[in-house]
Asks: 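One structure is given below, represented as structure tokens, and several questions about it will come after.
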Amino acid sequence: MIQIIASDMDGTLLNDHMVISKENASAIKKAQAAGIKFVVSTGRGYTEVKPLVKEAGFNCPMITLNGAQVFDEAGKLITSAPLHDQLTSKIIHFLKKQKLYFEIVASKGIYSDNKAKRIENFAELLTRVSPDTPYKLAVIMASARLELMNINYIEDYNELVEDKHTSIFKIVTFSNEGHKVLDPIRKELEQFKSIIVTSSSSSNIEINHVNAQKGAALQAYADNLNVPLDNVMAIGDNNNDLSMLRIAGVSYAMGNAITEVKQVAKRLTSSNTENGVGHAIDEVLKEE
């Protein structure tokens with residue numbers, strides 16, 4: 001009997017317009033009406049997730065920043081796993097030396113030190129998930145959406161590290177050249193102790209405290225509700241979803257998932273552009 005359903009967002013719950021489809025939202029509401037806890041489990045921060053969930057017309061707990069912060073339905077922070085300041089400084093120095101653009105997610109929001117790069121990255125993401133979108137239009141769309149996301153721009157990331165009232169939860173770096181550039185960087189980063197390095201697409205690397213993993217956060221959430229893992233379902237598409245797919249009793253890979261995710265998950269659903277999350281939920285509801 002499924003009691004908890006956890007779903008990734010990008011490439012999973014979100015479609016090619018980067019929103020939650022009506023079909024997915026309808027299936028989620030059905031599950032909630034049946035007494036099942038639906039949980040968003042994402043690499044995104046709370047301020048990015050909340051508007052998307054609200055727009056879809058439902059409310060739910062959120063595992064954010066790959067598990068670095070977990071919130072209940074009311075938006076109250078339950079647990080957090082920030083990066084240590086000294087280690088964060090070393091990572092910032094390393095990424096700057098590699099001349100890579102990166103962003104920082106902290107307790108006071110998302111920070112970028114280059115607005116043009118932020119817009120460029122988001123525009124390229126839009127063209128990847130929706131190839132029919134012209135790049136110029138994607139830039140306009142990215143500019144409009146970013147204004148809604150409450151991005152903080154800062155000249156020097158070290159100011160965040162030095163601010164004793166700010167905790168840093170995630171660093172995400174980007175390259176349009178994908179694995180060619182990022183794989184060697186990832187190997188270097190993995191030498192740092194106390195961090196976990198994952199990714200939510202082929203064009204990024206996400207750096208968290210080693211305790212900030214979706215699987216660990218989902219297990220802690222289930223344990224708190226006294227729900228056995230056999231009664232937990234997880235849905236994902238990429239590298240940062242593997243930990244929760246491995247621990248869930250029922251696991252679904254999206255049709256658009258990377259090969260490793262399809263090998264780990266027990267079941268397969270359709271792609272994120274074909275309401276795969278909704279189909280997976282409907283399937284388990286019928287089995288119940």
Side-chain angles (χ1 to χ4, degrees), residues 1-10 12-14 20 24-50 52-54 56-82 107 169-170 196 198 208-237 240-254 261 264-267 269 276-288:
M1 177 183 177
I2 298 300
Q3 294 175 271
I4 298 171
I5 298 175
S7 172
D8 171 51
M9 292 200 79
D10 291 275
T12 303
L13 185 58
L14 302 183
I20 301 169
N24 282 345
S26 176
I28 290 166
K29 290 171 188 175
K30 281 183 195 174
Q32 290 178 325
I36 297 170
K37 290 281 189 181
F38 179 81
V39 183
V40 164
S41 183
T42 177
R44 292 183 179 230
Y46 181 84
T47 56
E48 291 179 287
V49 179
K50 186 62 179 178
L52 294 168
V53 169
K54 186 177 180 181
F58 65 89
N59 191 27
C60 66
M62 300 177 192
I63 294 170
T64 68
L65 306 176
N66 295 327
Q69 288 188 308
V70 180
F71 297 86
D72 66 13
E73 291 95 331
K76 180 184 177 183
L77 182 65
I78 302 172
T79 61
S80 66
S107 51
F169 293 102
K170 188 176 81 165
I196 181 77
T198 59
N208 289 94
H209 188 279
V210 69
N211 292 337
Q213 297 187 52
K214 290 184 179 183
L218 180 57
Q219 181 163 359
Y221 179 78
D223 288 346
N224 189 54
L225 294 178
N226 294 316
V227 173
L229 291 176
D230 283 346
N231 295 357
V232 175
M233 170 175 156
I235 315 169
D237 76 305
N240 63 342
D241 300 316
L242 289 169
S243 63
M244 70 172 181
L245 293 171
R246 287 190 176 108
I247 63 108
V250 177
S251 54
Y252 276 88
M254 299 298 293
V261 165
V264 168
K266 299 179 179 72
R267 301 185 182 189
T269 186
V277 169
H279 291 311
I281 292 173
D282 285 340
E283 187 170 278
V284 296
L285 287 178
K286 286 177 183 176
E287 290 173 2
E288 296 294 318

Asks: Of all residues at least two apart in sequence or in a different chain, which pass the side-chain hydrogen bond (donor to acceptor under 3.5 Å, both in side chains) check with Gln3?
Replies: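 side-chain hydrogen bond (donor to acceptor under 3.5 Å, both in side chains) check on Gln3 returns Asn231.
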Asks: What are the two closest heavy atoms between Gly236 and Asp241, and how far apart are they?
Replies: CA-OD2, 3.5 Å
Asks: Taking all heavy atoms of Met244 and all of Ser41, pick out the closest pair and write down the distance.
Replies: SD-OG, 3.5 Å
Asks: Answer yes or no: is there a side-chain heavy-atom contact under 4.5 Å between Met233 and Val284?
Replies: yes
Asks: Report yes if the side chains of Ile63 and Val40 come closer than 4.5 Å at any heavy-atom pair, otherwise no.
Replies: no
Asks: Is there a side-chain contact between Asn208 and Gln213 in this structure, where contact means two heavy atoms from C-beta onward sitting under 4.5 Å apart?
Replies: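 With C-beta onward as the side chain, the pair stays apart.
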Asks: Determine whether Met1 and Ile36 satisfy the following criterion, side chain to side chain contact (heavy atoms under 4.5 Å, CB included), listing intermediate values before the conclusion.
Replies: CA-CA 10 Å; Met1 177 183 177; Ile36 297 170; over 6 Å; no
Asks: With Leu77, which residues qualify under side-chain contact (heavy atoms from CB on, under 4.5 Å), at least two apart?
Replies: Gln69, Phe71, Ser80
Asks: Mind running side chain to side chain contact (heavy atoms under 4.5 Å, CB included) on Tyr252 and Glu283 for me, showing each step along the way?
Replies: CA-CA 11 Å; Tyr252 276 88; Glu283 187 170 278; 2.4 Å; yes
Asks: Going from CD1 on Ile235 to CD1 on Ile281, what distance comes out if it is rounded to the nearest 0.5 angstrom?
Replies: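 So the gap between those two atoms works out to 5.0 Å.
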Asks: Sequence neighbours excluded, which residues qualify as side-chain hydrogen bond (donor to acceptor under 3.5 Å, both in side chains) partners of Asp230?
Replies: none
Asks: According to side-chain contact (heavy atoms from CB on, under 4.5 Å), who are the partners of Ala222, at least two apart in sequence or on a separate chain?
Replies: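 Applying side-chain contact (heavy atoms from CB on, under 4.5 Å) to Ala222 gives Ile4, Val227, Leu229, Val232.
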Asks: So do Thr79 and Tyr221 actually touch side chain to side chain, heavy atoms under 4.5 Å?
Replies: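 Counting from C-beta outward, Tyr221 and Thr79 never come under 4.5 Å.
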Asks: Between Thr64 and Arg44, is there a side-chain heavy-atom distance shorter than 4.5 Å?
Replies: no
Asks: On a heavy-atom basis, which atom in Ile196 and which in Ala212 lie closest, and how many Å separate them?
Replies: CG2-O, 3.7 Å
Asks: Are Gln32 and Ile28 packed together at the side-chain level, in the sense that at least one heavy-atom pair is separated by less than 4.5 angstrom?
Replies: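 Contact flag for Gln32/Ile28 side chains = yes.
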Asks: Are Val39 and Met62 close enough that some pair of their side-chain heavy atoms sits under 4.5 Å apart?
Replies: no
Asks: Atom OG in Ser7, atom CZ in Phe38: separation rounded to 0.5 Å?
Replies: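 If we round to the nearest 0.5 Å, Ser7:OG and Phe38:CZ are 4.5 Å apart.
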Asks: Say you draw a straight line from CD of Gln219 to CD1 of Ile247; how long is it, rounded to the nearest 0.5 Å?
Replies: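 It is 5.5 Å, given to the nearest 0.5 Å.
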Asks: Does Lys30 reach the main-chain N or O of Leu285 with its side chain, forming a donor-acceptor pair under 3.5 Å?
Replies: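 Looks like no, no N/O pair under 3.5 Å.
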Asks: Begin from the C-alpha positions of Ile78 and Val70 and carry the test side chain to side chain contact (heavy atoms under 4.5 Å, CB included) through to its verdict.
Replies: CA-CA 5 Å; Ile78 302 172; Val70 180; 4.3 Å; yes
Asks: Please check if the side chain of Thr269 supplies one atom and the backbone of Gly276 the other of a donor-acceptor pair under 3.5 Å.
Replies: yes
Asks: Hey, are the side chains of Asn66 and Lys170 touching, using non-hydrogen atoms and a 4.5 Å cut-off?
Replies: yes
Asks: side-chain hydrogen bond (donor to acceptor under 3.5 Å, both in side chains), that's the test. Do Lys29 and Asn24 meet it? Break it down for me.
Replies: CA-CA 9 Å; Lys29 290 171 188 175; Asn24 282 345; over 6 Å; no
Asks: Identify the two heavy atoms, one from Val261 and one from Ala253, that lie closest to each other, and give their separation to 0.1 Å.
Replies: CG1-CB, 3.7 Å
Asks: Of all residues at least two apart in sequence or in a different chain, which pass the side-chain hydrogen bond (donor to acceptor under 3.5 Å, both in side chains) check with Asp8?
Replies: Thr12, Lys214
Asks: Mind listing the closest non-hydrogen atom pair of Ala27 and Asp282 along with its distance?
Replies: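 Taking every non-hydrogen atom into account, CB-OD1, 3.9 Å.
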Asks: If you look at every heavy atom in Val264 and Ser251, which pair is closest and at what distance?
Replies: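 Closest approach of Val264 to Ser251: O-OG, 4.3 Å.
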Asks: Output the distance between atom OG1 (Thr42) and atom CG (Leu14), rounded to the nearest 0.5 Å.
Replies: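 Here the interatomic distance stands at 7.5 Å.
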Asks: Donor-acceptor pair, distance only, cut-off 3.5 Å: does the side chain of Glu48 make one with the backbone of Gly45?
Replies: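 Judged by distance alone, yes, a pair lies under 3.5 Å.
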Asks: Who are the side-chain hydrogen bond (donor to acceptor under 3.5 Å, both in side chains) partners of Glu73, not counting sequence neighbours?
Replies: Lys37
